[in-house]
Number of protein chains: 2
Amino acid sequence: MSKTKASILLVEDDQNLGFVVRDVLQLKGYEVDWQKDGTMGIKSFFEKGFDLCILDVMLPNKDGFTVATELRELDKDIPIIFLTAKTMQDDRIKGYKAGADDYITKPFSTEEFLLRVEAVLKRCFDNGLPTGRKDVFNIGKYVFDYTNQTLKIEKNERTLTKREADVLKLLFINRNEVLARETALRLIWGSDDYFTGRSMDVFITRLRKYLKDDPEVTIDNVHGVGFKMVVR
Amino acid sequence: MSKTKASILLVEDDQNLGFVVRDVLQLKGYEVDWQKDGTMGIKSFFEKGFDLCILDVMLPNKDGFTVATELRELDKDIPIIFLTAKTMQDDRIKGYKAGADDYITKPFSTEEFLLRVEAVLKRCFDNGLPTGRKDVFNIGKYVFDYTNQTLKIEKNERTLTKREADVLKLLFINRNEVLARETALRLIWGSDDYFTGRSMDVFITRLRKYLKDDPEVTIDNVHGVGFKMVVR
DNA sequence: TTGCCCTGTTAATGAAAAGTTAAACAGCTT
DNA sequence: AAGCTGTTTAACTTTTCATTAACAGGGCAA
């Protein structure tokens, strides 16, 4: 069945506001992951997955909109709520409203806040409850369970390492499209240099070996750019 | 509901002004690519594509107007805003002639600047939001995906190399018009000498081979000038 | 028509990227 | 500190791709 309460990613650099928001949500039974900057937020989302993301617009390094764009690359339907300062111009709010499921202007009351959160969840999961995050993927004849780090074909199950699972998941999210080397290195390794690149190659080799039992699934190289998982 | 905000190309050689402008735009949620000279700006535009370009008039090597003209060759509808140090009537006239959508004289307040930017975007994308950059082209019976570097006809898909994709895209942008050899060499290779010219010929040969399955698509030579992709 | 430059085409070359395997290493646990 | 596990580094091989070369036509001006 489904989970009882949604899990929420909160990206907020302000200590005080972050603490309060997390607390309010947790008291309502939500599972909350609080990250202080966009990069960590994206990493966490990739690894854990959430039912809803709440992003402050003003963030160090990577602002909320950029974060939102990158989150949507990982999951195009993920509900997103923005937190914005009151000083923001009206037309601007209109501008990004299209990409957001809701926006809340600071300061806000906890009641209003919770109402908005629940409204978005209700709208996105029509029974009011999240369907539960999907971290089991069907890759051709394979069944890949990301959280349990297992890869199964017919009766053969293999346990993957964290890195293997990360690379496989990212490839699958971008299946039939080129996954730029740089993107993968940035997201999974956090750095993009010669050696991490070579390291990735080693993982690709290993994953190909794991996936060789279904010829419909291949990992193709696009020279100088990255890799493309092709699922026919 | 995929894109949140417009992506902007900023071409500005001055460190301080460039930094400030980028920052101001980023804080407003725009995705900003800051290039320090015209050549790099054009290259970046060709490879990534943007919703709006902001060009300083005074630039090393290639001035803003020249850059604008070349940008318009790549995308005749791209919105362009000029920045200039002083009120130079001559420049203004020349600027509008090249097709500026707005013209901002330095120094300017961030408020004024942002208003102008938003106004131009609003004017150009009537719903206030950019349409999103298109990098999938229909070339006769072919479907060419620039970012994924694929060229497809019916069920046959072939992956292109970076250079092949670059040349093909440039030819297509100038379809039914002559693409000067020099233009292509400058933009894609960055230099225009005998050997790069010969190299280009090799790519033309290869692209012709790839495109031979649709007789309605040809790459014709214009002796001494360049090539013309003809799509009937 | 002749000669010269420009283009078409194919093959050879060399450099860089990727494939592969094994050893080294780091972080745990026992 | 020995063993175990997972990741990175290293060393070597193979592949890929842009460039260069080599040769064959073509177009155009004189």
Side-chain angles (χ1 to χ4, degrees), chain A residues 43 47 146-151 158-171 178-212 217-230, chain B residues 43 47 148-151 158-171 178-212 217-230:
Chain A
K43 202 177 179 79
E47 286 174 3
Y146 176 71
T147 38
N148 285 43
Q149 294 179 198
T150 56
L151 182 64
R158 174 199 300 276
T159 315
L160 303 180
T161 69
K162 181 72 171 42
R163 280 268 193 277
E164 288 167 357
D166 281 346
V167 177
L168 186 55
K169 179 177 172 183
L170 196 52
L171 280 167
V178 180
L179 167 66
R181 245 195 148 80
E182 213 209 314
T183 309
L185 293 177
R186 281 265 153 70
L187 183 63
I188 297 175
W189 279 267
S191 78
D192 168 14
D193 55 37
Y194 173 77
F195 288 108
T196 35
R198 290 331 317 279
S199 201
M200 178 170 174
D201 288 332
V202 175
F203 281 93
I204 295 290
T205 300
R206 205 165 317 148
L207 287 175
R208 282 184 179 139
K209 208 171 286 173
Y210 297 170
L211 293 169
K212 74 172 164 10
V217 180
T218 57
I219 300 174
D220 301 352
N221 173 255
V222 180
H223 197 91
V225 184
F227 295 93
K228 181 160 101 168
M229 163 172 277
V230 181
Chain B
K43 203 176 180 80
E47 284 173 5
N148 280 317
Q149 294 179 196
T150 55
L151 182 64
R158 122 185 293 144
T159 50
L160 304 179
T161 69
K162 185 74 175 38
R163 279 267 194 280
E164 288 167 357
D166 281 345
V167 177
L168 185 55
K169 179 177 173 184
L170 196 53
L171 281 166
V178 181
L179 166 66
R181 244 195 148 81
E182 211 209 317
T183 309
L185 293 177
R186 280 267 150 70
L187 184 62
I188 296 174
W189 279 266
S191 77
D192 168 15
D193 54 38
Y194 172 77
F195 289 110
T196 36
R198 290 328 322 275
S199 203
M200 179 171 173
D201 288 331
V202 175
F203 281 93
I204 295 291
T205 300
R206 203 167 315 149
L207 287 175
R208 281 182 179 140
K209 207 172 284 171
Y210 296 169
L211 293 169
K212 74 173 163 13
V217 180
T218 57
I219 301 173
D220 302 351
N221 174 255
V222 180
H223 198 87
V225 184
F227 295 93
K228 182 159 100 168
M229 162 172 278
V230 181

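Within every chain, numbering begins at 1; the chains are lettered A, B, ... in the order of the sequence lines, protein sequences first and strands thereafter.
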A:Leu168 and A:Tyr210: side-chain contact (heavy atoms from CB on, under 4.5 Å), yes or no, with the steps? CA-CA 11 Å; A:Leu168 186 55; A:Tyr210 297 170; over 6 Å; no
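- With hydrogens and angles ignored, the 3.5 Å screen pairs no side-chain donor or acceptor of A:Lys228 with any backbone N or O of A:Leu179.
- Going from atom OH of B:Tyr194 over to atom C1' of D:dA22 covers 10 Å, rounded to whole Å.
- Atoms CG (A:Leu185) and C1' (C:dA17) sit 14 Å apart, rounded to a whole Å.
- Across the protein-nucleic acid pair, B:Leu207 atom CG and D:dC17 atom C1' stand 14 Å apart, rounded to whole Å.
- For D:dA18, the OP1/OP2 oxygens have no side-chain nitrogen or oxygen of B:Trp189 closer than 4.0 Å.
- Taking atom CG on B:Asp192 and atom P on D:dT19, their separation rounds to 13 Å, with Å as the unit.
- Residue-level contact check: A:Thr161 touches the backbone only, with heavy atoms under 4.0 Å from sugar-phosphate atoms and none from bases.
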Would you tabulate the nitrogen or oxygen pairs shorter than 3.5 Å linking the protein to nucleotides 25-30 of chain D?
none

Which protein N or O atoms sit under 3.5 Å from an N or O of nucleotides 19-24 of chain C?
unit_1	atom_1	unit_2	atom_2	d
C:dG19	OP1	A:Arg208	NH1	2.8
C:dG19	OP1	A:Arg208	NH2	2.8
C:dG19	N7	A:Arg198	NH2	2.8
C:dG19	O6	A:Arg198	NH1	3.3
C:dG19	O6	A:Arg198	NH2	3.3

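- Going from atom CZ of B:Phe195 over to atom CG of B:Leu185 covers 13.5 Å, rounded to the nearest 0.5 Å.
- The existence of a salt bridge linking A:Asp166 and A:Lys169 is excluded, since no basic side-chain nitrogen approaches an acidic carboxylate oxygen closer than 4.0 Å.
- A cation-pi arrangement, defined by a distance under 6.0 Å to the six-membered ring centre and an angle within 45 degrees of its axis, is present between B:Arg206 and B:Phe203.
- Put simply, the side chain of B:Arg181 reaches to within 4.5 Å of the side chain of B:Asp201, judged on heavy atoms.
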